[in-house]
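So the structure is just underneath, and the comments pick up after that.
Along the sequence shown, residues are numbered consecutively beginning with 1. Computed from heavy atoms alone, side chains included, the values below leave out hydrogens, waters and symmetry copies.
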Amino acid sequence: MYLQGVFDHLNHDDFFSVYQFKTASLKINNGRKENMHYIISGDLTIKNITQPIHFTATVEIFSDFLHALGEIKIDRTLYNIRYGSGKFIPNLGDKLIYDEFVLQFKLVGQR
C-alpha cells in the first residue's frame, strides 16, 4: 500500500522504498501469557532486512470475536532507514527525526 498526500515522502528510498519493497512482514515465533497480556516475540522484516522484535498484546474475546490490541516500537535505523537520524548525521538540530516509531495495531478475528 502506498501512502499519499502529506506522507508520500515515506514511500521513497530515503524511508521505506515501497516501490522496491512492496511488503513488510511479521513472523510470530512465540507468545506467552503474563497476567492479562501476551508477550510476543518474532521477526520483523522491512526492506528485506529481518530483525528480532518483542512486544506486548492484549487479547479479549467478545461473543464470537477475538480482539488483539498492541503496540510495536520499531527502530527504523535497524532497517537502513537513516534519513534525519542523529545516529548517522551529526548536528541536525531541529531537523532531527526520531529513530523509533510506534506501530499500533488492532486485529479482529471471527470464530
So ring-ring contact (aromatic ring centres under 6.0 Å, His included) across residues 48-73, not counting sequence neighbours, yields F55-F105, F62-H67
Quick check: does any side chain N or O of [X] sit under 3.5 Å from a backbone N or O of [Y], one acting as donor and the other as acceptor?
{"X": "K47", "Y": "N80", "answer": "yes"}
{"X": "N35", "Y": "H37", "answer": "no"}
{"X": "R82", "Y": "R76", "answer": "no"}

Enter the distance from [X]:[atom1] to [Y]:[atom2] here, rounded to the nearest 0.5 Å.
{"X": "L78", "Y": "E100", "atom1": "CG", "atom2": "CD", "value": "8.5 Å"}
{"X": "I61", "Y": "L66", "atom1": "CD1", "atom2": "CG", "value": "5.5 Å"}
{"X": "F21", "Y": "N48", "atom1": "CZ", "atom2": "CG", "value": "5.0 Å"}
{"X": "N30", "Y": "S41", "atom1": "CG", "atom2": "OG", "value": "4.5 Å"}

*For the residue pair V108 and Q110, establish whether any side-chain heavy-atom pair is separated by less than 4.5 Å.*
no
- Task: With side chain to side chain contact (heavy atoms under 4.5 Å, CB included) as the test, would you mind laying out the steps for L44 and Q51 before giving the verdict?
- Result: CA-CA 5 Å; L44 179 63; Q51 297 288 335; 5.6 Å; no
Minimum heavy-atom separation for A68 and V59, please, with both atom names.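 Of all heavy-atom pairs spanning A68 and V59, the closest is CB-CG2, 4.2 Å.
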| query | Which pair of non-hydrogen atoms, one from A24 and one from I46, has the smallest distance, and what is that distance? | reply |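 Looking at all heavy atoms of both residues, the shortest contact is CB-CG1, 4.1 Å.
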Linking I/L/V/M/F/W/Y whenever any side-chain heavy atoms sit under 4.5 Å apart, do I74 and L107 land together?
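Linked, I74 and L107 end up in one cluster.
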Next item on the list: Would you kindly confirm whether V18 and I49 end up in one hydrophobic cluster when ILVMFWY residues are joined by side chain heavy atoms under 4.5 Å apart?
Entry: yes
TODO: Under the salt bridge (Lys or Arg N to Asp or Glu O under 4.0 Å) rule, collect the residues that match up with E34, sequence neighbours excluded.
DONE: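 Per chain and number, E34 pairs via salt bridge (Lys or Arg N to Asp or Glu O under 4.0 Å) with R32.
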side-chain contact (heavy atoms from CB on, under 4.5 Å) test vs I53 passes for just one of D43, L26, D75, namely L26
Sorted by chain and residue number, the side-chain hydrogen bond (donor to acceptor under 3.5 Å, both in side chains) partners of E71 (sequence neighbours excluded) come out as Q104
